[in-house]
Amino acid sequence: MTGAEPKVTLDLARETGLTADEYDRITSRLGREPTWTELGLFSALWSEHCAYKHSRVFLGRLPTAGARVLQGPGENAGAIDIGDGWAVVFKMESHNHPSFIEPFQGAATGVGGILRDIFTMGARPIAILDSLRFGDPSDAKTRHLVNGVVSGISWYGNCFGCPTVGGEIAFAPEYAGNPLVNVMCLGLVRADRLFRARAEGVGNPVFYVGNKTGRDGIHGATMASATFDEHAEERRPTVQVGDPFTEKLLLEACLEAMATGAIVGIQDMGAAGLACCTSEMPARSGTGMDVDLARVPQRETGMTPYEILLSESQERMLLVAARGREEEVRRIFAKWELDAVEIGRVTAGGALTARLGGEVVAHVPVDFLADAPKYEKPMAPPADFAERQAFDPLTLPEPADYGTALIELMGSPTIASKEWASRQYDQQVGLNTLVLPGSDAAVLRVKGTSRALAVSTDGNGRQVFLDPRRGAAMAVAEAARNVSCSGGLPVGLTDCMNFGSPERPEILWQFAEAIEGIAEACRVLEIPVVGGNVSFYNETSGQAILPTPIIGVVGVLDDAARRATQWFKGAAHRVALLGPESVSLGGSEYLWTAHRRLAGCLAPLDLEVERRVQAAVRAAVQAGLATATHDCSEGGLAVALAEGSVTGREPVGCEATVAAGGRADLALFGEGPSRVVVAVEPGRARGFEALMAESAIPWRWIGTTGGDRLVLRVGTRAVVDVAVDQVERAWRGGFERHMA
Amino acid sequence: MRFGVVVFPGTWSDCDFHYVISEVLHEPVRYVWHRDRNLADLDCVILPGGFSYGDYLRAGAVAGKSPVVEALQEFVAKGGYVLGSCNGFQILCEARLLPGALMRNECLQYRCQPTHLAVENVETAFTRGLRLGQVLTMPISHGEGKYHADPEPLREMKERNQIVFRYAEADGRVTRAANPNGSLENIAGIVNPAGNVLGLMPHPERAAEAAMGGTDGLLLFQSLLGSLVEDGSFLKR
Amino acid sequence: MRVRVLVRLKPGILDVQGAAVKRALAGLGFAELTDLRVGKVIEVELDASTPERARERVGEMCRQLLANPILEDYTLEMVDDLAPRGAVR
Amino acid sequence: MRVRVLVRLKPGILDVQGAAVKRALAGLGFAELTDLRVGKVIEVELDASTPERARERVGEMCRQLLANPILEDYTLEMVDDLAPRGAVR
Ligand SMILES: Nc1ncnc2c1ncn2[C@@H]1O[C@H](COP(=O)(O)OP(=O)(O)O)[C@@H](O)[C@H]1O
Ligand SMILES: [Mg+2]
């Protein structure tokens with residue numbers, strides 16, 4: 001084997017991120033020391049990022065089955081049958097570490113990666129959502145990150161030609177040293193034309209397609225599996241650069257080639273690049289692969305086998321074609337001006353054999369590479385867990401003026417309008433977007449059918465921090481509620497689990513609890529999890545981020561015309577509040593904005609009530625009884641009503657009685673699950689009442705729309721009485737003010 | 001009337017135009033590959049939006065040299081209709097089928113948002129069905145839409161009534177605040193002197209169905225379809 | 001043969017990007033800055049028999065594609081070596 | 001005092017712009033082209049007592065803002081006159 005390469009020792013293995021136990025396992029299974037190239041394969045494929053070493057034992061708890069599920073976790077993306085012969089394919093991915101190092105390219109390549117996950121399944125991407133978390137925007141470094149990330153997403157998504165239709169941007173100091181960039185993508189494909197990342201058929205040719213391989217991103221997977229420290233700068237040269245134009249060509253060429261029937265299987269070269277594809281694809285099919293690295297198109301000279309296998313250059317795919325149809329494949333890729341080079345064959349015997357010209361540089365069983373050790377590390381709740389929960393927010397003083405408090409909350413960066421970001425994204429290409437960014441969920445029609453899809457991403461790190469299990473369940477409930485408010489029946493879910501280091505017992509505990517919460521919510525709400533992503537090691541110098549599971553829920557509207565948006569449409573509509581009374585200031589946006597506290601208990605979550613409330617909202621929308629529906633999330637009922645008033649094109653005032661008595665801050669700004677504001681035309685009020693009675697949920701009329709003021713009462717006392725214009729200005733300018 | 005929708009590597013509004021022409025207007029339409037020079041069967045060629053060749057040098061620069069755009073010169077000379085929207089407008093300017101050039105938005109950011117357009121010329125094939133001063137609503141979606149022309153060409157354009165659309169307020173006033181990209185004199189769309197080549201930054205295909213938020217974009221097509229009827233009888237339809 | 005092409009906005013055309021960079025630098029305390037303009041540098045390597053011939057062909061590239069004469073000027077410079085000399089990394 | 005800053009992608013970093021322009025020029029028949037890279041030129045005019053001082057300050061601007069150290073290298077050149085010499089208009 002290659003003489004110039006370092007001799008592999010335990011110390012060297014440690015440097016690449018493997019443990020002594022793992023190294024032992026490798027030498028005993030191989031019966032020898034691995035070569036330098038083989039060591040590279042193990043270090044990448046057994047990294048946390050690729051192998052889910054610390055999370056696999058927990059992920060098995062998530063419910064993944066359902067009548068509509070065409071593809072659950074384990075492939076490039078999940079797929080759900082939406083009727084009329086169509087399937088929706090979707091997945092969410094994180095690109096947190098690369099985005100911190102180079103915000104523009106990190107976020108851009110994050111978009112590129114998730115797009116490829118979707119079109120390798122045979123689906124044409126129709127929508128992107130971006131879920132972002134940053135530190136305090138009053139900090140210049142954070143603004144630089146926000147700017148870079150948003151413009152990177154904008155550049156890649158716009159140039160590629162997929163609309164960005166939703167997402168969230170939230171701020172908390174815990175993300176200052178480790179921002180989150182999670183991107184979700186949805187695509188459409190005929191249900192019987194799904195492709196998978198398989199290497200079937202011994203003797204079939206293996207093609208490399210797309211951009212040439214350079215030294216970029218080598219050890220990206222390992223980087224995503226380490227925390228940041230003062231040496232982060234030294235890891236910088238591993239940054240990859242995105243090329244959305246080539247990606248667009250790759251999309252068109254792949255879909256065209258797939259349509260010919262000449263493609264057997266296909267996988268995106270994402271984390272751990274060629275190494276990952278050449279081992280995972282045959283491992284899924286019980287085959288092997290024999291590839292000649294010398295044939296891999298290269299951008300740089302003198303690349304070693306190690307570098308070629310581990311490069312994370314973007315916009316590349318590995319595909320297995322049907323033998324005898326090589327010419328067809330070459331012709332289609334040539335039409336799109338792309339490299340398509342046959343680099344090897346599918347083999348029997350279950351081994352990955354990598355050569356450089358004549359010389360074998362790696363020869364390892366693929367099942368072994370694909371089967372990293374699983375860990376069950378110790379876990380324990382954080383020491384101050386009970387103490388934080390014991391805090392009673394009602395020991396804090398009430399605001400001096402509730403109108404001012406509401407206006408401050410509406411203008412706080414997390415709640416204020418994110419138009420500054422969304423207007424930098426194309427939102428309409430493809431002519432599917434029926435509801436643009438700005439409502440509870442985006443709605444996309446499915447052309448050629450009467451149907452539409454609704455989609456939303458949600459996740460509240462403060463709530464998960466205070467109570468991982470309930471907080472994570474609430475994230476599922478909220479994402480599903482957003483979809484239901486738009487009129488969609490939630491049918492599938494993807495998640496992105498952003499946590500600190502799993503090697504710390506309290507972080508692993510947060511993770512395990514969060515998974516339990518998600519699993520429980522999914523079971524009761526009957527939403528299968530069809531894909532997801534785990535991003536550990538989100539910490540800088542020992543300071544972990546808030547534990548942040550981001551949940552993406554996709555729903556189906558059978559009749560695209562029966563949909564709802566969150567803003568009030570006119571005067572004199574009656575306003576109802578659906579759902580339970582109970583709310584809490586624990587972990588609320590208000591508690592942070594007004595008091596800079598992160599403590600307290602979350603409101604209870606009754607998933608059975610949640611399910612019924614969502615069913616009732618959907619029924620109201622489908623019956624055409626609701627002119628607006630909006631769930632209560634950050635900022636509580638007061639913010640939900642204020643958003644109903646000011647987030648539409650024309651502001652519409654509102655007058656409502658939010659509680660019979662008690663502390664007004666709790667009634668106005670307390671947060672709790674399963675609560676939805678619905679506006680109903682006066683003539684439809686009887687019909688609505690009848691529907692609610694059937695639904696067996698708690699609900700009540702609380703007010704009326706109209707006028708140019710927002711008036712909120714507790715009992716008979718008008719605690720808020722402000723001009724809607726003023727609220728609108730605060731909300732529209734609240735975020736942009738920071739970015740100007 | 002037969003339409004052709006040009007596809008460059010990196011084009012993305014091609015499918016949207018195709019959809020609107022075939023599914024909303026029910027007119028015959030085919031895709032035209034960028035290497036294709038044969039336009040003989042077409043009455044109107046659409047240059048759609050997107051990022052042709054990634055727009056990596058200047059928006060529309062590389063596409064402006066493509067075989068299909070070369071073939072357009074003759075097609076236009078013979079009176080064929082050409083509509084370039086967004087990247088298509090940029091390509092028409094790069095190919096000198098229209099005067100001027102499009103530069104990076106003054107805000108230095110991409111902009112996707114609804115705009116109002118004041119109609120200033122109703123003599124073109126694409127605007128015959130409109131009223132002078134009428135206000136249309138259509139979205140924009142671009143990073144390089146700031147129109148520029150030197151003073152002399154601008155004077156000539158005005159003399160020949162080549163400015164077709166300007167960004168305006170909802171009530172038709174042409175104001176600085178209504179200008180989304182810093183465009184010279186709020187110019188959003190222009191036509192060649194002969195009136196058969198229209199370039200505009202907004203996306204008419206995104207304003208062709210009520211469900212998509214409006215139908216003002218259809219008016220351009222309906223004007224064009226009517227143009228084929230010599231007496232303009234479509235206006236009475 | 002190596003030729004360096006500098007493409008810059010014509011005088012009189014507002015350089016918005018340059019102005020933004022200038023503002024940002026002023027904000028960082030570079031008060032001595034009086035002007036700043038941003039353009040493109042395109043470094044071309046080509047086979048040519050003579051430097052004159054190389055210059056001629058690159059000029060042709062500029063006229064056909066690299067610069068838009070409505071907005072931009074260009075200058076050509078012959079360079080021995082386009083590898084960043086004394087580059088700071 | 002006038003200083004010209006050339007900002008280029010570091011060797012090894014994919015130059016998507018350069019690759020696309022190169023392909024386009026090849027398509028236009030410039031077969032002699034062997035390599036092409038695209039970068040930025042930033043022309044800075046500033047008050048400084050000496051050329052050394054000017055160079056020092058512009059270097060500082062590069063480190064703080066003009067170049068992205070993760071992706072780009074930069075070189076500084078002193079120029080007498082930044083008006084495009086021999087510019088083609
Ligand atoms: N980064 C973003 N990109 C696109 N749209 C966004 C982004 N952030 C927020 N939005 C949109 O703004 C609206 C409000 O966001 P948010 O307050 O997070 O909603 P919710 O409370 O319903 O979760 C949603 O329609 C969302 O899709
Ligand atoms: Mg919501």
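Chain naming here is simple, since letters A, B, ... match the order of the sequence lines and numbering starts at 1 in each. Values below: all heavy atoms of this structure, side chains included; hydrogens, waters and symmetry mates excluded.
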Straight-line distance of Leu25(C) CG to Leu65(D) CG, nearest 0.5 Å: 5.0 Å

Check Val38(D) against Lys40(C) and note the closest heavy-atom contact, atom names and distance. CG1-CD, 4.4 Å

Contacting region of Leu76(D) [heavy-atom separation from chain C under 4.5 Å]: neither

Is any side-chain N of the basic residue among Glu77(D) and Arg4(C) closer than 4.0 Å to the acidic one's carboxylate O? yes

Looking at Glu43(D) and Arg8(C), is any side-chain nitrogen of the basic one under 4.0 Å from a carboxylate oxygen of the acidic one? yes

Quick one: which of Leu36(C), Val21(C), Val58(C) has the most heavy-atom pairs under 4.5 Å with chain D, could you say? Leu36(C)

Need one label for Ile42(C): side chain, backbone, both or neither, based on atoms under 4.5 Å from any heavy atom in chain D. both

Euclidean distance, Gln64(C) CD relative to Phe30(D) CZ, rounded to 0.5 Å: 4.5 Å

Please report the closest heavy-atom contact between Leu46(D) and Leu33(C), naming both atoms and the distance. CB-CA, 4.1 Å

Once rounded to the nearest 0.5 Å, what's the spacing between atom OG1 of Thr34(C) and atom CD of Glu45(D)? 4.0 Å

For chain D, the option from Asp47(C), Leu6(C), Val41(C) that forms the most heavy-atom pairs under 4.5 Å: Val41(C)

For Leu66(C), is it the side chain, the backbone, both or neither that has a heavy atom under 4.5 Å from a heavy atom of chain D? side chain

